[in-house]
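Here the structure is laid out as structure tokens; the discussion comes afterwards.
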2 protein chains.
Amino acid sequence: MMDINKLKQLFPDLEEGLYNEMLERGTIKEVKAGETLLKVGQTIRSTMLILSGLVKLYREDDEGKEFFIYQLDAGQACSLSMVCAAKHKTSEVLAKALTDATVLSIPLEFMDQWMSKYKSWYQFVITSYRNRFEELLKTIDAIAFTGMDERLAYYLEKQVEKLGNNLKITHQEIANDLNSSREVISRLLKKMEAKGWLTIHRNSIGWIKKD
Amino acid sequence: MMDINKLKQLFPDLEEGLYNEMLERGTIKEVKAGETLLKVGQTIRSTMLILSGLVKLYREDDEGKEFFIYQLDAGQACSLSMVCAAKHKTSEVLAKALTDATVLSIPLEFMDQWMSKYKSWYQFVITSYRNRFEELLKTIDAIAFTGMDERLAYYLEKQVEKLGNNLKITHQEIANDLNSSREVISRLLKKMEAKGWLTIHRNSIGWIKKD
DNA sequence: AATCCTGTGTGACATATATCACGCCGGATG
DNA sequence: CATCCGGCGTGATATATGTCACACAGGATT
């Protein structure tokens, strides 16, 4: 159950009244691992705050290929859904639950209200935006400046940070996230294993590299 | 000379008092084409609003290679410099004037003040952020999903939009912006010329393609 | 045990892009 | 005019990555 204290832990530094209003106005949704929270093109009617679990965000191309851009932890929010100056904006990204997750869904109409009513809210929104922005820049660095090998290493490191050093993931899934192909990923993983960075198992990867 | 009416034209929908304060607090700076406005790692002490000209934003890698991410027109602002919850943040991007430009430089201390004082200001900041964010996503699409040919076309189209259909630019400059090499760009341009999309001249490119 | 199915390994090949080497051209400068 | 230099064209080649074909292994199902 979600009470105000948990909310405070997850989203510190907000105003008292805001916590109450969040609980009052929002609805809690449970999603299972693998489920889609938000599709590209879907009209955004509410904003989502992550209470537990991990949510992965993807960019999609015309043919439906999915490119992983970043993921959201508990205590974070989908920045894009928090600001809709023009109502009926549609989503630019695809959001999927990586693990089972709980999200607090708040109808958009409160966004504008809270922006002016709670100073702490717009600060939250703005720092949220800024942080996501910086992640995007890092993502761009990875694609623009480095090869698949470094991108893969960066990807795995991020996953390990969040999920611990025994990743339950297939080579194919990694390939999809990086918009590459299974064979390429397999070969690169092989090289990394040879360097002693990790161990390859069926359906999982054991991470060893310390730095 | 910058008066309040020009300011209103460039940045519509702000509050009366804000325009006055902008002129009062800000300093106007003139920069020549090619000059650097902001270096990576430089501490941000003020925010910049573009009054005239075009400013290009780059991401830099360790070896100093510059990757073009987007550009700012008159009436836009460097989003990253507008929010500095933590003071003494350093810049994540490199900003260079593409043409001669005029910018309004406003010390950071006013940012927080204005955020709470002027509703229109934080709306401006937020929509600014959102727009830049969407541009970043498009940039990611271009690198992640498409080849050099499409990226080049996209790049040229954007330039033409802002600068008209006679671009004064060298192949080398394009290559730098796209983190590619001159030869590749030259060859691709050749193909596009063959398709009748443009004409190649020394130091310039004439754009023909309508859509 | 025999069969399937999914994940993985691997070689051969295609393609895009980067890099190198060199030559050419045209405008600027002496 | 002669020279130089920056911008451009072009072939040869290297490398990274994507693609195809197929083999294999291990767990699950029958």
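Given the structure is predicted, the values throughout are model-derived calculations rather than measurements. Letters A, B, ... mirror the listed sequences (proteins, then strands); counts begin at 1.
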For this session: Evaluate the side-chain proximity of A/K39 to A/S91: yes if any heavy-atom separation is below 4.5 Å, no if none is.
Result: no
For this session: Report the nucleotide, chosen from C/dG7, C/dT17, C/dT8, that has the shortest atom-to-atom distance to any side-chain atom of A/S186.
Result: C/dT8
Problem set entry | Nearest-Å distance for atom pair CG/P, residues B/L189 and C/dT17 | 13 Å
Exercise. Counting distance only, does the side-chain N/O of B/D73 pair as donor-acceptor with the main-chain N or O of B/Q76 below 3.5 Å?
Worked result: no
Exercise. Between atom NZ in A/K168 and atom C1' in C/dG7, what is the gap in whole Å?
Worked result: 15 Å
Exercise. Are the side chains of A/T43 and A/R45 in touch, meaning some heavy atoms are under 4.5 Å apart?
Worked result: yes
Exercise. Could you give the CD-to-P distance, from B/E150 to C/dA16, as a whole number of Å?
Worked result: 12 Å
Exercise. 5' to 3' on DNA chain D, which nucleotides open and close the contacts with chain B (atom under 4.0 Å from a heavy atom)?
Worked result: D/dG6 to D/dA12
For this session: Give, for atom CZ of B/R151 and atom CG of B/D177, the distance between the pair rounded to the nearest 0.5 Å.
Result: 10.5 Å
Exercise. Considering heavy-atom distances to DNA chain D, does A/R202 or A/G147 have its closest nucleotide positioned more toward the 5' end?
Worked result: A/G147
Seminar exercise, completed: From CD of A/E183 across to P of C/dT6 the rounded distance in Å is 17 Å
Problem set entry | For A/W121, the option from A/Y19, A/F11, A/W114, A/F110 that meets ring-ring contact (aromatic ring centres under 6.0 Å, His included) | A/W114
Exercise. How long is the line joining CD of B/Q172 and C1' of C/dT19, in whole Å?
Worked result: 13 Å
For this session: Would you indicate whether the side-chain heavy atoms of A/V184 and A/M148 approach each other to under 4.5 Å?
Result: yes
Exercise. Is A/R187 side chain donor-acceptor paired with the C/dT10 base, going by distance under 3.5 Å alone?
Worked result: no
Problem set entry | Value in whole Å for how far the P atom of C/dT17 lies from CD1 of B/I143 | 13 Å
Exercise. Is A/S204 reaching over with its side chain to a backbone N or O of A/H201, donor-acceptor style, under 3.5 angstrom?
Worked result: no
Seminar exercise, completed: Rounded to whole Å, the CZ-C1' distance (A/R182 to C/dG7) equals 7 Å
Seminar exercise, completed: Atom CZ of B/R151 and atom C1' of C/dA18 are separated, to the nearest Å, by 13 Å
For this session: May I ask you to evaluate whether B/S181 reaches the phosphate of C/dT19, defined as a side-chain N or O under 4.0 Å from OP1 or OP2?
Result: no
